[in-house]
Each structure stands twice: as structure tokens, then as C-alpha cells.
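Read the structure below first, then the notes.
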Amino acid sequence: MFFNITLALSVVIFGAGVIWRAGSWLKKDPAQVPPSSGRLKTAAAAVFRAVFSRRILAVLKSFAMDVLLQKTSLRQSPFRWVMHMLIWVGFVLLVVFHALDAVTSKNLFPGYYPTVNPYWMLRDILGGLVLLGVLMAAGRRLQPGNPRLKSTSKDWIALILLAVIMLSGFALAGMKITSKQAFDRMEREYSLITEKKESKQLEAFWAAEYGLEASPMDRPLDPEQVEAGAELNRLYCADCHSRPQTAPVSYVTAALIGPVAGPLDRINFASFLWHVHFLFVFAGLAYLPFGKFFHILATPAYLLARAGMGRADDPTGSSVMRAMALDACMHCGACSEICAVGSVHAVIPNDLILPSEKIALLQRLARGQPLRGEDLPEAVEGMLLCTNCSRCGDVCPAGIDLQKLWDAVREGLLAKGAADHPDPILLSALSFYRAGRAGELGPAYAPPRDRAWQKIAALSPEPAEDPVALPAADNPALQRIKSSSQSFSLAYCYSCRTCSSVCPLKEEFENPHQDLGLLPHQIIHAVLLGRPDMALGCRMLWACLGCYQCQEQCPQGVAVTEVFYELKNLALDRAREKGRG
Amino acid sequence: MNYAIFRCCVTNRLLQEYETATDGVLTAIDIPALDIRDFGCCGYPLRNVDYTASMYSAARNFALAERAGLDILTVCNCCFGSLKQAAYSLAADPGLAAGSKERLEKEGLTLSGEVRVRHLLQVLYQDIGPGELSERICRPLHGLRAVIHYGCHLLRPSDVVGFDDPFDPSICEDLVAAVGVECLDWERRLDCCGAPLAGTFDDLSLSLSRQKLRAAAGVGAHCLLCVCPFCQLQFERARREMINRGQDTPEVVGFVQLLAAALGREQNLPVLQLSGK
């Protein structure tokens with residue numbers, strides 16, 4: 001009764017959860033594009049097109065290669081592939097042939113008993129494989145030397161649930177091997193023994209050979225009794241109960257229980273373990289749509305949908321795919337391991353630099369939760385610190401084209417969220433990729449860039465201020481420039497202006513002074529005069545190509561370009577302080 | 001094997017043909033190179049953002065190459081310049097080196113500073129030599145007239161990168177001549193392509209590229225040769241724009257692609273049709 005009620009409850013929660021999660025694919029979009037109305041129709045039409053056309057071949061191929069074989073993981077990391085295969089294959093087979101044996105194994109295999117081989121042994125081995133996979137996964141997440149692999153509570157809940165299910169299963173099987181109660185029940189049900197003498201003989205045999213540790217019989221056992229018991233075992237038991245030694249993990253568990261088997265059996269500990277086992281299985285089932293386990297359904301669905309979509313670039317379809325992608329991500333961290341700027345995370349401690357952690361941000365955006373306070377600048381910084389090499393998507397086992405996802409979300413964030421928080425990181429070579437998308441972005445392209453320029457320009461004092469005011473002796477900006485190993489050389493400047501005369505930008509402007517604010521030599525002078533702040537917002541600094549002509553030709557060996565880089569770093573820090581202050 | 005090949009981030013998505021050509025050339029000249037999948041950004045695009053982060057990104061690549069016992073072979077000027085700068089700074093700045101080593105330790109990596117950074121052109125010029133190279137050419141590209149765009153970070157700052165004379169280099173010309181291509185003298189040979197300002201100061205960025213393409217067209221070049229994918233993508237972008245405006249512009253070709261063709265590794269380069277005419 002209790003069993004049936006909890007089962008029914010968990011099935012209902014599971015079903016409702018799956019409908020809710022899959023339903024959200026039609027409603028949300030991390031790019032904050034207002035979801036269009038025809039999403040269900042578009043999705044249904046796409047499924048229809050994929051199933052009833054030659055695309056179905058691509059879908060089937062993807063099912064074999066991506067869903068079953070998981071070739072992307074195999075190519076990237078054999079360790080991760082073995083780990084996942086152990087859990088995945090082991091668990092699926094256990095669910096089908098063990099958890100659902102009343103409908104599967106009993107009908108498929110004549111003579112099936114859970115305690116007879118090969119079924120018992122296979123079940124034991126499968127459970128062992130899953131447990132090994134779980135151990136590998138936990139070890140991977142705990143092992144030092146991989147600072148970019150972040151583990152969330154969802155990752156641990158999934159692993160702990162699996163571990164508890166497997167361990168309680170083994171403990172239950174081991175407990176039953178040792179249990180006198182279980183022995184008595186089986187004897188009643190399956191043997192025709194009525195005499196007490198024969199019953200003792202069988203028990204002696206099981207105590208000697210089958211690990212019946214809870215038997216109160218005196219040790220050492222009488223060899224004659226054991227031998228007689230062996231005959232009875234062959235007669236009544238052997239057909240549906242194999243030697244427990246053939247189930248290695250359970251038998252080892254039984255041996256461990258051995259010393260306390262008697263007392264545990266008297267309090268019917270097996271029944272407790274049985275409750276733990278099925279309750280955790282049901283908890284896992286009910287939890288499936290809400291945690292990491294949802295990828296069991298969402299990832300294959302995404303992979304197959306991707307294969308079915310082909311290269312079609314329909315905006316509504318892409319929007320649905322983006323929503324699906326967020327659920328297809330299983331937070332394995334493969335993307336963050338290969339991320340080209342992932343190492344920057346060690347210097348700039350913003351988790352949103354890491355692709356695997358960006359997904360959590362995207363889930364937030366998809367739910368329509370606004371970003372407040374620190375969150376917004378951090379999100380923008382995380383989205384901008386990216387070389388757009390797209391290797392994250394190349395290694396994603398879920399086949400998510402992460403680069404496309406970043407493209408869409410970054411622009412959404414720049415357009416709306418970051419209007420008040422433009423990040424001058426946009427004024428770096430990281431924007432080379434974005435420039436290539438200018439045509440595609442149309443009128444949305446220029447405003448974020450221009451706002452970043454405005455933010456930078458605001459760093460320099462108004463020209464009305466007295467530019468020759470003496471600097472404060474403890475000017476931190478000046479200290480920083482002078483103590484930098486890159487820029488200390490500016491002290492050698494003897495004002496020859498070679499830097500300005502060889503700068504290629506000079507010829508690009510009719511009136512360089514007016515258009516660029518300060519010329520290179522003036523930037524150097526501003527710093528020497530103790531006023532680096534005058535340089536921080538000047539156009540010249542940010543229009544610098546970094547071509548090193550000035551530095552190469554400086555007769556005094558001033559590292560002019562390096563001084564500029566240092567000033568730009570300083571300006572960025574200032575701009576961020578202002579943004580957050 | 002002596003080298004780990006250091007591919008540029010921009011080629012993975014935007015210029016796959018550059019990677020294919022690189023592989024073709026390395027095979028043809030018998031320089032095997034290992035692809036280290038963990039290699040990250042060279043640090044170049046992070047220079048504006050954060051010096052320490054930029055240098056650490058480079059330092060981590062050194063540590064990875066060191067673990068494999070290999071030197072780094074680059075095919076991009078920005079990667080070359082940035083890695084060279086990082087090697088220079090790590091040697092000159094003990095604070096930077098100590099901080100980097102501490103961070104690397106957390107990843108189980110070490111940094112001794114013995115990894116060399118070399119550009120593919122250095123290997124071609126110094127180890128193989130133009131004479132030997134021309135003997136390996138199976139499809140000389142006679143009749144093709146090219147101008148060479150060196151790119152800033154291959155030459156400057158010369159005390160850091162140490163590639164060639166920063167005011168009058170000749171390595172590229174010698175190598176290109178070995179392929180059978182005629183090198184034309186032109187005005188803007190050593191100027192910047194404009195790529196660093198793409199996305200930042202777009203008008204200026206494209207104007208610089210256009211001026212170079214126009215100058216190249218002015219001396220009658222069939223193609224402008226780049227030794228850096230960053231430059232190449234920038235010129236291609238400017239070129240498309242010029243074609244739309246009906247302006248005269250040469251083709252933009254990666255030197256590594258041209259070399260791959262001359263070594264019989266690439267057949268589909270449009271500019272090849274001009275060869276032999």
C-alpha cells in the first residue's frame with residue numbers, strides 16, 4: 001500500500017514536471033527575445049518535417065552516434081566517456097530489467113528469477129558498474145588541479161541519489177544473503193520440507209556455503225549435516241537460487257555484514273533497507289524533471305531536434321532550440337576545460353567567464369529574472385571576456401552550439417540590460433568578432449560600442465579644469481604606472497615627439513589634436529606631469545592600434561605602447577569602479 | 001617531434017582553410033607538430049583589459065608546452081607577438097612570474113621559462129631556408145605578382161620579437177620568391193592592417209585596410225599576402241566592402257595557403273588561376 005502510494009505520487013510528480021519543463025521550451029528564451037506566438041506550431045511542423053522526410057536519416061544517425069555512442073565525449077575525454085557510459089548503460093539496463101522486471105524480464109526470459117544466474121550476476125555487475133561510474137564522477141569533481149570545473153549542489157544531489165540507490169541495493173542484497181528470516185521465508189515458499197531435521201540440514205548447508213551468517217547454528221558446522229543439506233539444496237533451491245558468490249559485490253557486502261548479521265536480522269534490517277532503496281528510487285523519479293537528471297530526457301531531445309532541424313535558420317525555431325539547449329546542458333564542464341580564456345578566471349574571479357557557468361546566467365535570463373546590482377556588470381563582463389573561438393560548442397557532448405547561444409545572449413544583454421552599464425571591454429580586440437557581425441546586427445550594432453566610448457570619455461576631467469594643477473603626491477594612478485615593469489621606462493622621455501610623428505593615426509585625421517584629444521607624446525607628458533587621469537579618457541589612447549611604431553622608433557627606448565596598455569587597464573578598472581560605485 | 005602547433009582562436013570558426021593549409025605545409029616540409037587541445041588564448045586580445053590576465057593566459061600555454069617537452073610554433077602574428085612579449089615580461093618581471101607560477105601550481109603545472117616561441121616563417125627561413133624550400137616546391141606559382149603585408153607583431157617591438165630588421169625586413173620576400181611568386185615593392189608594406197580597431201573604431205579600422213588594398217592594387221599586385229589570420233580576415237572584410245563599391249582590389253591570401261598550394265597541398269585557391277598567365 002505504502003509502496004503503491006509513493007510510486008503513484010512520484011510518477012505524478014515526474015509526469016507533471018516533465019510537461020512543465022518541456023512546456024517552458026515554448027515559452028522562454030535566454031536571448032530575451034519576446035517569445036513569438038507560433039512556437040508550438042513551428043516546433044510541431046519541424047518535428048513533422050524531420051520525421052516524414054529524408055532528414056529522418058540524420059536523426060537516426062544522431063541517435064546512434066550522439067545519444068547511444070556519445071562520440072563527442074569519446075573524442076574529447078576517454079575518461080569522461082567511460083565514466084558516463086558506466087552510469088548511463090548500467091542504470092538504463094537496471095531500470096529496464098531489474099526495476100521493471102515484472103513487465104520485462106519475467107515475460108522475456110523463461111525461468112527468470114532475480115536470484116538465479118545469469119540475472120543475479122548481471123544485476124550485481126551492472127550495479128557495480130554504475131557505482132564505479134559514480135565514484136569516477138565524484139573523483140573527477142573533487143580532484144585538485146582542475147579549478148575551472150565547478151560543481152553545484154545539483155551535480156552532487158544527482159551523484160548522491162545514484163550512490164544511495166546503488167549502495168542501498170547492494171546492502172539489501174547482502175543483508176538478504178545473511179538473513180535467517182529470508183531463508184525461512186524461501187524455505188516455506190519454495191521447498192516441500194516439513195521435517196525439522198531436514199530444515200536444519202538445509203540451513204547448515206546455507207550457513208556453510210551460501211553465506212547465511214545470521215543462522216544461530218553452532219560453528220563449526222557438522223560436515224555430515226552440511227552434506228545432507230547440499231542434497232536438499234539441489235532438490236529444492238538450485239533451480240531458482242544460484243550460489244551468492246556469483247554476485248560478487250553483494251557477496252562481499254554480505255561478508256562485511258557477517259559479524260552483525262544476527263542482531264540486524266532480528267530487527268528486520270532488510271526491510272528498512274528495502275524501504276530506503278525504493279524510496280530513493282521514487283525520489284529520484286520524482287526529482288528527475290527538476291534537477292540534473294532532466295538531461296536524460298532533454299539532451300537526447302535536443303540532439304535529435306538539432307539533427308532534424310538541419311541547417312535551417314528560422315528565428316522561431318532557433319529561439320525554441322535556445323530554450324531547449326539550457327535544459328540539455330548537463331553541467332559536465334567540458335566547455336570550461338577547453339575555453340580559450342578560461343585561464344583568465346584565475347586572475348579575474350568572475351565565474352561567468354566560464355561557459356559552463358554562463359548557462360546558469362542564461363537560465364536566469366530565460367526565466368525573465370532581471371539582473372540587479374553587481375550581477376549585471378558581472379554578466380556583461382563574463383559575456384564579453386570571450387575570444388569567440390567556439391571551441392566550447394565543438395566539445396559539448398549535448399551538441400549545443402554555444403557560440404550561437406553567446407552571440408544571441410550577448411547582444412540581448414548589450415541592447416537592454418547593459419544600456420546603463422556599458423563595459424569598455426567592448427573597446428578591445430575581443431570585439432573583432434562582433435565587428436564581423438555588424439551587417440547581421442544592423443542598427444543594434446553601433447549603440448553598445450558608442451556607449452562604451454562615452455563611458456571611457458567620462459573618465460578624463462573637463463578641459464575647463466586647470467590642467468597644470470600639481471598632482472597629489474600619493475596619486476595612486478601615478479604610483480601604479482611608475483611601479484609597472486612595463487611602463488617605468490617613460491621616465492627616459494626627453495620630449496622629442498618622435499612617437500607622435502610616426503603614429504599612423506596622425507594622418508587619418510584632419511585635425512589630430514582635436515579628434516584624438518592628446519597625441520602620443522602628450523599622453524606620456526601627462527603621465528610624467530602626474531596627471532595620468534588626463535590620458536585615461538582621451539580618444540588617442542583607445543584608438544591606438546598597438547602597432548608599436550612609436551615604441552620601436554623611440555630614441556630613448558620608452559615602451560610607449562606598453563604605457564598605453566597600462567593606462568587602458570587602469571582606465572578599465574576606474575570605469576568599473578565608477579559603474580559599481 | 002619538436003613543436004606544439006599554436007592555432008589562433010579566430011581560425012577555428014572563421015578561417016578553417018588557414019588551419020588546413022597549415023597542416024598541409026607542416027606535412028609537406030616534414031615538421032610534425034602536436035595539437036595540444038588545452039592551449040588557450042595567447043593573451044593578445046586581453047592586453048587592453050588586464051595585463052596580468054593576458055600574461056597569465058600566455059604563461060599557461062608555456063607550461064602546457066613545457067609539460068609536453070615541446071616548443072611553440074605559431075602561425076599568427078598576434079599570437080607570436082603576445083607570446084614573445086609574455087616570455088620577455090615573465091623573464092623581466094619577477095612579481096609577474098611568481099604570481100603566474102602560483103596560479104599554475106593550482107592546475108598542477110610548472111613554468112621554467114625554457115619553452116621557445118617560433119613563428120612558422122622562422123622555421124621556414126632559418127631551419128629549412130629559401131633554397132631548400134624552393135627545391136620542395138612541386139607547383140611553382142610563376143606569373144603571380146604579390147605584395148607582402150608583414151603585420152605589426154611579427155616585427156615590433158624588435159627587441160622583444162627578434163624576427164627581422166624592423167625597418168627593412170626581407171624574410172617574407174625571400175620565402176615568397178622561393179615559391180616562384182614575384183614580390184612587388186609598395187609603400188605601405190609595414191603598416192598596420194587596422195584589425196585591432198575592428199569593433200572599436202570601425203570607420204578608422206576599415207579605412208586603414210582600404211588604403212593598403214588600394215596601394216597594393218596601385219602597384220599591380222594580384223594578391224596581398226598575409227602571414228597572420230587576424231590581418232587576413234580584416235583585409236577580406238575590407239575587400240568585400242570595396243568590391244561592393246566597385247573598387248579595384250587584389251585578392252587576399254594567407255602566405256601559408258599559397259605555400260600549401262605550391263607544395264601541392266591545396267588546389268582550390270582562386271588566385272592560382274592567375275598563376276602561369
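What you see is a predicted model, and the numbers here were worked out from it, not measured in a lab. So that the names make sense, note that chain A is the first sequence line, chain B the second, and so on, each numbered from 1.
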Derivation of the side-chain contact (heavy atoms from CB on, under 4.5 Å) call for A:Thr387 and B:Leu46: CA-CA 9 Å; A:Thr387 62; B:Leu46 300 163; over 6 Å; no

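- A distance-only check finds no donor-acceptor pair linking the side chain of B:Asp50 to the backbone of A:Asn569 [under 3.5 Å].
- Ranked by heavy-atom pairs under 4.5 Å with chain B, the first of A:Glu337, A:Arg437, A:Gln549 is A:Gln549.
- For A:Leu505, the part sitting under 4.5 Å from any heavy atom of chain B is the side chain, from C-beta outward, and nothing else.
- When heavy atoms are compared at a cutoff of 4.5 Å, A:Leu385 approaches chain B solely by way of its side chain, counted from C-beta outward.
- Listed options A:Gln403, A:Arg434, A:His345 were ranked by heavy-atom pairs under 4.5 angstrom with chain B; first place goes to A:Gln403.
- If you measure heavy-atom distances from A:Leu572 to chain B, the contacts under 4.5 Å come from the side chain alone.
- For A:Gln551, the part lying under 4.5 angstrom from a heavy atom of chain B is the side chain only.
- Only the backbone of A:Leu426 comes within contact range of chain B, with at least one heavy atom under 4.5 Å from a heavy atom of that chain.
- Of the two parts of A:Arg391, the backbone and the side chain both hold a non-hydrogen atom closer than 4.5 Å to a non-hydrogen atom of chain B.
- With ring centers used as reference points, B:Tyr51 lies 6.0 Å or more from A:Tyr565.
- If you tally non-hydrogen atom pairs under 4.5 Å between each of A:Thr561, A:Asp401, A:Asp450 and chain B, the highest count goes to A:Asp401.
- In plain terms, the two heavy atoms of A:Val341 and B:Cys41 that are nearest each other are CG1-CB, 4.1 Å.
- Looking at A:Phe509, only its side chain comes within 4.5 Å of chain B, counting heavy atoms on both sides.
- Of residues 73-95 of chain B, those residues with a non-hydrogen atom less than 4.5 Å from any non-hydrogen atom of chain A are, in numerical order, B:Gln85, B:Ser89, B:Asp93.
- Proximity to chain A (any heavy atom under 4.5 Å) is restricted, for B:Leu155, to the backbone atoms N, CA, C and O.
- Nearest approach of A:Ser343 to B:Arg60, heavy atoms of both residues: CB-CD, 3.5 Å.
- Contact annotation: the side chain of B:Asp191 never approaches that of A:Pro504 to less than 4.5 Å [non-hydrogen atoms, C-beta and beyond].
- Shown here for B:Asn12 and A:Cys389, the closest heavy-atom pair between the two residues is ND2-O, 2.6 Å.
- Within the 3.5 Å criterion, the main-chain N or O of A:Cys547 finds a donor-acceptor partner in the side chain of B:Arg156.
- We find that B:Arg47 and A:Glu566 are not joined by a salt bridge, their nearest charged nitrogen and carboxylate oxygen being 4.0 Å or further apart.
- Relative to the ring axis of A:Tyr433, B:Arg13 does not place its NZ or CZ within 45° and under 6.0 Å from the centre.
- In this structure, chain B has a heavy atom under 4.5 Å from the side chain of A:Arg449, while its backbone stays farther away.
- Remark: B:Asp185 CG is loosely packed, at most 12 non-hydrogen atoms of other residues, nucleotides or ligands lying under 6.0 Å away.
- Contacts from residues 198-219 of chain B to chain A, taken as heavy-atom pairs separated by less than 4.5 Å, involve B:Ala198, B:Gly199, B:Thr200, B:Phe201, B:Asp202, B:Leu204, B:Ser207, B:Leu208, B:Gln211 in sequence order.
- B:Pro45 places none of its side-chain heavy atoms less than 4.5 Å from the side chain of A:Phe432.
- A:Trp453 touches chain B through its side chain: at least one heavy atom from C-beta onward sits under 4.5 Å away, while N, CA, C and O do not.
- Within the 4.5 Å cutoff, side-chain heavy atoms of A:Tyr548 are placed close to those of B:Pro157.
- Between B:Arg237 and A:Ala435, the closest heavy-atom pair is NH1-CB, 3.3 Å.
- A:Asn388 places no side-chain N or O within 3.5 Å of a backbone atom of B:Val10 that could act as its donor or acceptor partner.
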